[in-house]
Amino acid sequence: MDASWFEPVRAYCERTDAGFWAEPVNALTNAAFLLAAGLAVRHARGDGPVLALAAVVFVVGLGSFLFHTLANRWSMLADVIPIAVFIYGYFALAMIRFFGLGPLVATAVTLTFAAFNLGLTPALDALSGRSVAGLTNGSIDYVPAILALLGVGLALLPRAPGIARSVLVTAGIFLVSLAFRTVDVASCGSLPLGTHFLWHVLNAVVLYRLLVAAAEFEA
């Protein structure tokens with residue numbers, strides 16, 4: 001592997017050096033994802049897709065732990081790839097389970113959503129002439145996921161109002177968690193610990209609630 005993959009990355013307030021435990025709070029709060037995965041399994045009641053996504057949430061916790069301890073380029077991939085797998089996996093499940101789309105149509109819709117997600121930041125960068133990801137600490141990449149949750153929640157209201165309200169509340173929690181992720185770097189001067197750890201805790205709640213909603217949905 002190229003040596004550049006092991007170059008240190010300092011992306012959050014809490015990290016002040018390249019040590020393994022330089023981000024103890026950011027690292028240890030990833031236990032929230034492991035807890036969320038375990039609790040979701042209890043609700044799954046043998047539901048294969050929900051169990052698979054719960055396993056992805058567990059891997060999210062492990063990957064994020066690696067990034068907040070090793071803090072290099074390859075562990076960054078271990079952090080972001082499982083999150084992407086969950087986002088697109090859950091979106092596809094929602095299209096099939098909540099809206100009754102067939103697998104091929106759901107796959108096509110999911111690929112369209114992925115293209116929008118991947119193309120949004122470059123498009124905004126080109127329009128603004130600056131790095132939108134840099135201005136938002138990378139949080140712009142999660143805006144399509146919030147829009148998707150809002151769309152799913154609103155579209156479900158006539159069919160399954162209880163599940164719809166749960167998804168909309170979850171979207172609100174996700175928005176708050178994303179705000180904490182966004183302001184982390186800006187808060188370094190007044191809050192050396194930063195706010196990224198709150199993204200972990202609240203985002204674990206988000207993933208848990210989404211899995212419960214999928215497990216409890218009745219067509």
Side-chain angles (χ1 to χ4, degrees), residues 30 32-64 77-120 139-178 181 199-219:
N30 286 297
F33 293 109
L34 309 186
L35 178 61
L39 292 175
V41 168
R42 295 180 58 189
H43 284 275
R45 297 187 295 274
D47 186 328
V50 174
L51 288 172
L53 287 172
V56 174
V57 172
F58 191 88
V59 176
V60 166
L62 296 181
S64 184
L77 292 180
D79 179 33
V80 300
I81 289 176
I83 295 173
V85 170
F86 182 90
I87 289 173
Y88 299 127
Y90 192 90
F91 186 91
L93 177 60
M95 294 301 102
I96 294 170
R97 182 164 297 185
F98 295 161
F99 303 112
L101 300 185
L104 290 179
V105 176
T107 298
V109 174
T110 302
L111 289 175
T112 302
F113 170 63
F116 169 68
N117 199 353
L118 295 173
L120 177 63
S139 295
I140 188 66
D141 294 335
Y142 294 97
V143 168
I146 290 180
L147 295 177
L149 285 181
L150 290 173
V152 168
L154 292 173
L156 271 179
L157 275 173
R159 300 182 57 207
I163 296 295
R165 285 191 292 269
S166 177
V167 171
L168 290 172
V169 169
T170 301
I173 298 171
F174 189 27
L175 184 60
V176 174
S177 73
L178 193 59
R181 186 189 190 282
W199 155 261
H200 290 166
V201 175
L202 291 176
N203 210 29
V205 173
V206 166
L207 302 186
Y208 167 73
R209 287 177 59 89
L210 289 177
L211 292 175
V212 170
E216 294 183 347
F217 179 79
E218 294 182 6

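- In this structure, Phe91 CZ and Thr112 OG1 are separated by 8.5 Å, a value rounded to the nearest 0.5 Å.
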task = Please assess Leu39 against Val212 for the test side-chain contact (heavy atoms from CB on, under 4.5 Å), listing each intermediate value before the final yes or no.
result = CA-CA 9 Å; Leu39 292 175; Val212 170; over 6 Å; no
Stepwise side-chain contact (heavy atoms from CB on, under 4.5 Å) test for Asn203 and Arg181 = CA-CA 10 Å; Asn203 210 29; Arg181 186 189 190 282; over 6 Å; no
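- A distance of 9.5 Å separates CG in Asn117 from CG in Leu147, rounded to the nearest 0.5 Å.
- Sorted by first and then second residue, the pairs that involve residues 44-58 and meet salt bridge (charged side-chain N to carboxylate O under 4.0 Å, His left out), not counting sequence neighbours, are Asp47-Arg97.
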Evaluation steps, side-chain contact (heavy atoms from CB on, under 4.5 Å), between Val152 and Phe99 = CA-CA 9 Å; Val152 168; Phe99 303 112; 4.1 Å; yes
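- Among residues two or more places apart in sequence or in another chain, the side-chain hydrogen bond (donor to acceptor under 3.5 Å, both in side chains) test is passed with Tyr208 by His43.
- Here the shortest heavy-atom pairing between Leu210 and Tyr90 reads O-OH, 2.6 Å.
- Closest non-hydrogen pair, Leu149 versus Val167, comes out as O-CG1, 3.4 Å.
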message = What verdict does the side-chain contact (heavy atoms from CB on, under 4.5 Å) test give for Ile87 and Phe113, after you've listed the backbone C-alpha separation in whole Å, the side-chain angles of each residue and the deciding distance to 0.1 Å?
response = CA-CA 10 Å; Ile87 289 173; Phe113 170 63; 3.8 Å; yes
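- Closest heavy-atom contact between Leu150 and Ala171: CD2-CB, 3.8 Å.
- Screening Val56, Val60, Val57, Val59 for a side-chain contact (heavy atoms from CB on, under 4.5 Å) involving Ile83 leaves a single residue, Val60.
- Considering CZ of Arg159 and CZ of Phe98, their distance stands at 10.0 Å, rounded to 0.5 Å.
- When all heavy atoms of Leu211 and Val50 are compared, the pair lying nearest together is O-CG1, 3.9 Å.
- Taken from OG1 in Thr107 to CD1 in Ile96, the straight-line distance is 6.5 Å, to the nearest 0.5 Å.
- The salt bridge (charged side-chain N to carboxylate O under 4.0 Å, His left out) search around Asp141 returns none, not counting sequence neighbours.
- Note that CG of Leu178 and CG of Leu202 are 11.0 Å apart. Values are rounded to the nearest 0.5 Å.
- A distance of 10.0 Å separates CG in Leu207 from OG1 in Thr170, rounded to the nearest 0.5 Å.
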